[in-house]
Number of protein chains: 2
Amino acid sequence: MARSSSGSHRSADERRAQLLDAAVDVLREHGLAGLTTRAVTARAGVPHGIFHYVFGSKAALVRALIDRELTGAATAWGAAVATDDLETALRQAFRAQLDLVRADPEHQAAVFELIRAARDDSDVSAAEWERRQYLAEIQRQLVAWSQRGGVTWDAPVEHVAALVLSATDGIVQTWVADRDDARAEASTGLLARAITSLAHTA
Amino acid sequence: MARSSSGSHRSADERRAQLLDAAVDVLREHGLAGLTTRAVTARAGVPHGIFHYVFGSKAALVRALIDRELTGAATAWGAAVATDDLETALRQAFRAQLDLVRADPEHQAAVFELIRAARDDSDVSAAEWERRQYLAEIQRQLVAWSQRGGVTWDAPVEHVAALVLSATDGIVQTWVADRDDARAEASTGLLARAITSLAHTA
DNA sequence: GTCTATAGCATGATAGAC
DNA sequence: GTCTATCATGCTATAGAC
């Protein structure tokens, strides 16, 4: 076998992975507007023509990127929190969601941008699918937490889940915009309290 | 005076307004990616070269657009709601915010996109300014409503305001994404209830 | 002061060489 | 099956005609 890191004439699958990695980097650094086929190939250190041989079109690259980024992201809400106190569980879950973004803001911002753009290109399926995964996962957790804490939701749990997802999205996007840690902290704490008030001891 | 609607050689100010109107249309129909100097001039029915004569650069057009769109938008939260019940006031305010977007979703989506893009171009001031206006207005209303209803906020009112703004943003953006009226309705209603629980009768 | 014609460049894509 | 050279198009911007 040839050395893997240098030399020409690699397989199409190898090129594909290589270009996807490069595309993520470009997206993080220059945003969606800067995501050009030439920037991606330059970043990967391969000739420009390779791009259309591997992906066929730029749209195909974007689709592949979305698939790759969304897969597994839905599990973020799934990490169960081990506590009997509903408010604490909620706060920790919100914090975890925020930490996910804080760990690599540019990356998350890029993913947001991708999803948004995908919606306009009538490539709605991916974004819709993502949202449904999130909602289902949150709803599952809301039920689990309320059972653990011995409380009952005063509103349909799917409504609570929808509010939790939207509100968390809002807080996260606000943080992405202003990077104000204290404000985000305060908002998540208050949101946990407010949401908790939507349940009463059975 | 010459007839105003046809003929060449109009004043630069006239051209400027004409191009701004055209730019908003283009933005609504084709998004920020489709907002090119050629598209704008074509839409306005003027020669392409006019553009750089009037605005100097595309960036100047974007800046002018943001100024125009943000001015007056901050007053949306300012419309006072006449009711003694805090939860009702909140729900009506959230509904009003949602209605504003529902009245012309494409337009609002375009404005969101503009502001987001402006942030990346280190043209932060406009977006920051907007947010501060909103926050101040919401805070003012929160105090007014609580006084009217004879209740006191259990948390710093600026924290409540931050949560209200973020959560409302999240709900609005969710609606823009999925256009699910029922879900938005449920979320605003629940949010009003949840926020109300952050205040107690004095 | 207003507008036209053109420059100069970057893009996405492809025909065909190896 | 892999890659290179090239194309046609669309972009922002400007030099200079009226």
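A, B, ... follow the sequence lines: proteins, then strands. Residue 1 opens every chain. Basis for what follows: all heavy atoms, side chains included, without hydrogens, waters or symmetry-related copies.
Nearest nucleotide to the K58(B) side chain, out of dC3(D), dT12(D), dG12(C): dT12(D). Here the nucleotide nearest the side chain of S57(B), chosen from dG12(C), dT12(D), dA13(D), is dA13(D). Listed nucleotides dA13(C), dT2(C), dA13(D) differ in distance to H52(A); the shortest reach to its side chain belongs to dA13(C). When the nucleotides dG1(C), dC3(D), dT12(D) are ranked by their closest atom to the side chain of Y53(B), dG1(C) comes out on top.
Both S11(B) and H48(B) lie near DNA chain C, and the one whose nearest nucleotide falls closer to the 5' end is S11(B). Summary of the strand contacts: F51(A) and V46(B) both lie near DNA chain C, and taking for each the nucleotide with the nearest heavy atom, the more 5' one is attributed to V46(B).
Regarding L32(B), its CG atom lies at a distance of 14 Å from the P atom of dC11(D), rounded to whole Å. Look at CG on L61(B): it is 14 Å from P on dC11(D), rounded to the nearest Å. Nucleotide dA15(C) holds its P atom 17 Å from the CD1 atom of I50(A), rounded to whole Å. The distance between atom CZ of R38(B) and atom P of dA5(C), rounded to the nearest whole Å, is 13 Å. E14(A) has its CD atom 16 Å from the P atom of dG1(D), to the nearest Å. Per the geometry, CG belonging to L19(A) stands 10 Å off P belonging to dC3(D), to the nearest Å. When rounded to the nearest whole Å, the span between NE2 of H30(A) and C1' of dA10(C) equals 15 Å.
A salt bridge links D169(B) to R131(B): at least one charged side-chain nitrogen sits closer than 4.0 Å to a carboxylate oxygen.
H52(B) and H48(B) have perpendicular rings, their planes meeting at more than 60° on a 0 to 90° scale where under 30° would count as parallel.
Smallest separation of non-hydrogen atoms from V26(B) and G34(B): CG1-O, 3.5 Å.
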Output a table of donor-acceptor pairs, distance under 3.5 Å, between side-chain atoms of residues 175-182 of chain B and any protein atom two or more places apart or on a different chain; print 'none' if there are none.
from	atom 1	to	atom 2	distance (Å)
W175(B)	NE1	D181(B)	OD1	2.9
D178(B)	OD1	D180(B)	N	2.9
D178(B)	OD2	R183(B)	NE	3.4
D178(B)	OD2	R183(B)	NH2	3.0
R179(B)	NE	V176(B)	O	3.1
D180(B)	OD1	A182(B)	N	3.2
D180(B)	OD1	R183(B)	N	3.0
D181(B)	OD1	R102(B)	NH1	2.8

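At dC3(C), one or more side-chain N or O atoms of R15(B) fall inside 4.0 Å of OP1 or OP2 (strictly under the cut-off).
Between the side chains of R15(A) and Q18(A), a donor-acceptor pair is found at a separation under 3.5 Å.
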